[in-house]
Amino acid sequence: MVPRPLSFQNLAVTLACLAPCVSAAAAVECLQAEPDAAPGSFYKNTSYCPAARAENLLPLLTWQEKVGQMGGLRQLLQANLTYNATNADIILQTQSGTLSYGSQLNPATDVLAYANEARMQHMNVSLVPLITVTDSVNGIYVTGGTLFPATLSLAATFNVPYYANVVAAIRDENVALGTRWVLSPELDIPKDPRYGRVGETYGEDPFLVTAFGKQYVRTMQARDANGYIHVGCTIKHYVYGNPTDGINTASQYGGINHLYNDQLMPFIEIIRDTDPLSIMISYATIDNVPMSVNTYMLQNVLRDKLGFRGLVMSDAGAIVNLHTQSHVASSPAEAALRAVRAGMQNELSPGQPAAFPNLVNYVNESDVAQLVNEAALRMLEIKFATGTFDEPLPTQENLAKTLRAAEHLVVNRNVSREAIVLLTNNNNTLPLSQSSQKKVAVLGPFANIINAGTYAPQVSTNRSFGHSLVQALQAQFGASNVLYEPGVDFVDTTNDTGIASAVAAAREAGLAIVSLGSLAVYGQDPLAAKRTDGEFAAHADLGFPGLQQDLLDAVLAAGVPTVLVVNGGQAFSLSNNTIDGCGAILHAFLGGEYSADAVVEILVGTVNPSGKLPVSMPAATGATPAVYNYLASDAVAEYSFPSRPRAVPMPFGYGLSYTAFAYSEATLVSSLTTTGEPAVNVSVTVSNTGGMDGKEVVQVYLHQEYSLIELPVKRLVAVDKVDIAAGAQQTVTFTLPVASLGYYLNGEWIRETANYTFMVGSSSRDVDLTSLSMVL
Ligand SMILES: *[C@@H]1O[C@H](CO)[C@@H](O)[C@H](O)[C@H]1NC(C)=O
Ligand SMILES: *[C@@H]1O[C@H](CO)[C@@H](O)[C@H](O)[C@H]1NC(C)=O
Ligand SMILES: *[C@@H]1O[C@H](CO)[C@@H](O)[C@H](O)[C@H]1NC(C)=O
Ligand SMILES: *[C@@H]1O[C@H](CO)[C@@H](O)[C@H](O)[C@H]1NC(C)=O
Ligand SMILES: *[C@@H]1O[C@H](CO)[C@@H](O)[C@H](O)[C@H]1NC(C)=O
Ligand SMILES: *[C@@H]1O[C@H](CO)[C@@H](O)[C@H](O)[C@H]1NC(C)=O
Ligand SMILES: *[C@@H]1O[C@H](CO)[C@@H](O)[C@H](O)[C@H]1NC(C)=O
Ligand SMILES: *[C@@H]1O[C@H](CO)[C@@H](O)[C@H](O)[C@H]1NC(C)=O
Ligand SMILES: *[C@@H]1O[C@H](CO)[C@@H](O)[C@H](O)[C@H]1NC(C)=O
Ligand SMILES: *[C@@H]1O[C@H](CO)[C@@H](O)[C@H](O)[C@H]1NC(C)=O
Ligand SMILES: *[C@@H]1O[C@H](CO)[C@@H](O)[C@H](O)[C@H]1NC(C)=O
Ligand SMILES: *[C@@H]1O[C@H](CO)[C@@H](O)[C@H](O)[C@H]1NC(C)=O
């Protein structure tokens with residue numbers, strides 16, 4: 001996997017043909033409209049292109065129906081399948097584009113029955129069917145599907161090719177439920193570890209985020225047998241990741257060079273290469289302008305520069321926020337007008353009242369009428385492209401066959417094994433000697449739940465499937481050999497009475513597995529009040545909440561060998577006592593149904609860990625941003641503040657294995673790409689010199705010696721995960737186009753002749769890399 005040149009050459013082709021070649025870009029044969037076709041004459045004819053059908057249908061819609069396409073019913077069902085028909089009827093009058101399921105805890109089979117009824121009823125009163133759009137992070141939006149680990153965990157695999165299998169499974173489960181459009185992938189580049197939503201992202205590095213995000217969109221938006229897009233994607237959040245204090249919806253800083261080289265990078269490439277159907281605009285205020293009214297970012301950059309031609313959607317409640325939070329509009333109606341004039345085309349509004357229904361009153365404002373027509377067209381096009389007008393409603397039979405299909409579970413089990421990072425392994429504590437280890441104590445508040453993230457459709461304490469760590473250890477060692485004591489609560493800072501019995505259990509077993517972390521669960525979860533991670537849960541401190549550290553310190557003080565299992569969609573700042581005292585530390589991030597089983601397989605050595613950190617782990621809460629790709633100016637140490645490498649002892653790309661990989665001297669030669677462009681080949685031979693088969697993530701970082709603006713001290717430009725048997729070796733060659741070695745200067749891609757250093761190795765730490773330089 002290597003980057004492609006970030007020139008706008010491909011983009012020029014896209015821009016040159018706009019609407020007429022949408023379907024050409026999508027590689028599906030279809031008919032364009034005849035110039036004299038009568039309105040409504042062929043929109044039902046599947047031989048025509050989605051855009052042509054949309055244009056043909058639009059004149060048949062009333063003004064209110066057009067405005068209606070700009071919103072939808074976000075809460076079909078409340079908890080326990082509560083359906084309010086009156087409420088649905090009221091909302092659908094002016095928000096009739098989409099239908100979303102509401103409470104995440106309702107079972108998929110029941111949800112399908114209600115959703116199909118609503119879909120059918122709507123067809124009786126409208127020419128335009130409802131389309132379902134939902135978040136899709138660990139899997140489908142409601143319960144009953146395969147529960148994968150959350151996005152950050154999947155990023156920790158660094159296995160972009162295998163990720164296609166995960167996305168295909170999630171895609172097929174979505175289609176079976178009738179979800180043909182998702183509010184994913186999330187392309188944020190979070191640099192502030194206090195941000196609560198890091199677990200929803202692919203981590204801090206633009207190259208890795210782009211690679212995973214592109215794989216997601218390509219796989220989701222693949223065509224079905226009839227040529228329809230399986231599931232349309234909404235890339236989000238344009239742009240986001242560093243809100244002030246890590247607070248969701250807060251403002252963020254960042255000038256044009258920062259935006260282009262960092263936060264915009266995944267959007268630029270994914271729009272260019274995959275044509276996502278929609279984009280979600282972030283809550284952020286950038287340079288004092290809320291993104292939902294940021295004409296510069298929405299028009300000049302997104303449309304003109306990036307060539308995005310899909311639908312532009314708000315984040316949930318963001319248009320109303322313009323009035324209530326940002327105070328840049330004196331009423332919801334003014335907020336709607338400002339937003340639509342800036343380029344917003346769809347409002348996500350779980351709460352009511354929404355802002356866009358106010359647009360029904362502005363039919364006589366000709367610019368608004370034009371913008372509403374365009375917004376409705378984009379929505380109709382998505383519906384035609386995904387088969388919403390043509391394909392039959394999803395069936396219970398297919399749902400039963402597809403959800404939790406055997407192959408999906410195998411993929412989940414496989415990917416879960418690669419999603420855990422071994423951070424330390426003092427004195428080769430792991431893997432445990434299975435013959436001598438008969439009994440284990442499992443301690444900590446996370447030991448008996450699944451901490452799967454904000455958008456995971458499950459109850460952390462009462463699962464219909466999936467194992468907690470306690471259950472997984474019981475399966476391995478036998479129930480009577482597993483001593484379970486939570487010891488302390490997730491967040492409580494007053495009750496330490498459980499610590500003594502936890503230490504006693506550790507002493508009795510002779511080995512403690514301590515499961516600590518930061519809780520990220522859904523809003524209706526019984527533990528929701530104890531959340532410290534996830535959307536709307538920024539964390540000011542990067543240690544473990546409550547008395548969790550006290551529990552760990554007490555177990556370490558007792559001298560019992562200890563393995564720490566860290567949970568949460570975030571980086572933590574581990575104390576020296578933790579790092580030095582624990583026999584081993586694993587970061588399990590946000591688990592799915594097999595994550596605890598995978599932890600146990602790693603503990604006993606039937607699985608060799610191969611995950612790498614997708615976010616850097618800072619030495620101190622104050623040492624933020626804690627990223628590996630800082631600027632040279634940021635490396636300066638001050639009196640009481642450690643220099644960057646010391647401030648981030650476990651950076652991006654870091655992670656241990658049970659075997660040893662030796663890297664040969666790398667080589668660097670001039671070459672050509674398959675299309676004849678100048679390139680360099682970076683080659684290295686990796687040998688498995690240890691005693692166990694294993695997977696290694698080979699990483700290439702780049703540094704340009706002198707440049708017109710300050711560039712990162714290193715940035716990832718290529719990565720490959722290889723599977724090497726004990727005693728075997730493998731040569732990995734990356735062909736990097738010279739044109740891809742540049743950067744953005746004031747919004748333009750440039751590449752200077754310069755001295756480039758390529759660093760090859762197993763992590764972004766200097767000690768793990770060897771360097772080669774070439775003037776290019
Ligand atoms: C669709 O349009 C094509 C081209 O005009 C025509 O040949 C075909 O018969 C139409 N199909 C239907 C089902 O009307
Ligand atoms: C409804 O569901 C919630 C969980 O989502 C549960 O706590 C509550 O007890 C349920 N209420 C009823 C009446 O079943
Ligand atoms: C149903 O929705 C209507 C309109 O929003 C509301 O007035 C009514 O109270 C709701 N009924 C119930 C049982 O929640
Ligand atoms: C749609 O309308 C037909 C004819 O009035 C009626 O028989 C049918 O029950 C309606 N379907 C739904 C789902 O409301
Ligand atoms: C739009 O203009 C028409 C014709 O002047 C008028 O009848 C109608 O009330 C106006 N609509 C609105 C919402 O102002
Ligand atoms: C799962 O992993 C096993 C072991 O590596 C492999 O043999 C199998 O093909 C994988 N299955 C899938 C569906 O990826
Ligand atoms: C736990 O989940 C099961 C179904 O998975 C349900 O029947 C049961 O009522 C739930 N128990 C509680 C206490 O929520
Ligand atoms: C304090 O923690 C212990 C051990 O977990 C528990 O048994 C006890 O109920 C807790 N006390 C209070 C007041 O919550
Ligand atoms: C933790 O250990 C590091 C590395 O040995 C050392 O530089 C640092 O001063 C220690 N921090 C504290 C708070 O003792
Ligand atoms: C590792 O071994 C050394 C030497 O036996 C010992 O001093 C140290 O405490 C051990 N560390 C851990 C974490 O077990
Ligand atoms: C560069 O690597 C590619 C892919 O492995 C290979 O086809 C090509 O021959 C190499 N070029 C040179 C000059 O070694
Ligand atoms: C290129 O940069 C590297 C790393 O800074 C340095 O060691 C090397 O001498 C430089 N080469 C040239 C030709 O300046």
Do the non-hydrogen side-chain atoms of [X] and [Y] ever get within less than 4.5 Å of each other?
| X | Y | answer |
| --- | --- | --- |
| N567 | L516 | no |
| L736 | V682 | yes |
| V566 | L586 | no |
| T201 | T151 | no |
| L702 | P712 | no |

Whether the side chain of [X] engages the backbone of [Y] through a donor-acceptor N/O pair (distance < 3.5 Å, no angle test) should be reported.
| X | Y | value |
| --- | --- | --- |
| T532 | L519 | yes |
| N412 | L147 | yes |
| K714 | S764 | yes |
| S153 | P149 | no |
| Q476 | V600 | no |

Would you kindly say whether [X] and [Y] are connected by a side-chain donor-acceptor distance under 3.5 Å?
| X | Y | value |
| --- | --- | --- |
| Q221 | H230 | no |
| N681 | T735 | yes |
| T689 | S687 | no |
| H539 | Q570 | yes |
| S184 | S136 | no |
| S573 | T621 | no |
| S773 | T757 | yes |
| S518 | D533 | no |
| Q252 | N242 | no |
| S657 | N608 | yes |

Is the ring pair [X]/[Y] parallel, tilted or perpendicular, if the boundaries are 30 and 60 degrees?
| X | Y | value |
| --- | --- | --- |
| Y216 | Y163 | tilted |
| Y701 | Y628 | perpendicular |
| W749 | Y744 | perpendicular |
| F158 | F652 | tilted |

**OP:** Mind listing the closest non-hydrogen atom pair of N426 and D580 along with its distance?
**Re:** ND2-O, 3.5 Å
Can you tell me how far the [atom1] atom of [X] sits from the [atom2] atom of [Y], to the nearest 0.5 Å?
| X | Y | atom1 | atom2 | result |
| --- | --- | --- | --- | --- |
| L656 | N425 | CG | CG | 7.0 Å |
| L603 | L422 | CG | CG | 10.0 Å |
| T770 | Y663 | OG1 | OH | 9.0 Å |
| T157 | I420 | OG1 | CD1 | 11.5 Å |
| E173 | T146 | CD | OG1 | 3.5 Å |
| I270 | C233 | CD1 | SG | 9.5 Å |

Salt bridge flag under 4.0 Å for residues [X] and [Y]:
| X | Y | result |
| --- | --- | --- |
| K236 | D188 | no |
| K721 | E696 | no |
| R197 | E535 | yes |

**OP:** Establish, for the pair R404 and F465, whether the NZ or CZ atom is under 6.0 angstrom from the six-membered ring centre and no further than 45 degrees off its axis.
**Re:** yes
Original post:
Within a reach of under 6.0 Å around CD of E705, are more than 12 heavy atoms found that belong to other residues, nucleotides or ligands?
Top reply: yes
Original post:
Sequence neighbours excluded, which residues qualify as ring pair (Phe, Tyr, Trp, His ring centres under 6.0 Å) partners of Y240?
Top reply: Y195, H237
Original post:
Can the ring centroids of Y522 and Y455 be said to lie less than 6.0 angstrom from one another?
Top reply: no
Original post:
Taking only residues two or more places apart in sequence or in another chain, which ones pass salt bridge (Lys or Arg N to Asp or Glu O under 4.0 Å) with R417?
Top reply: E601
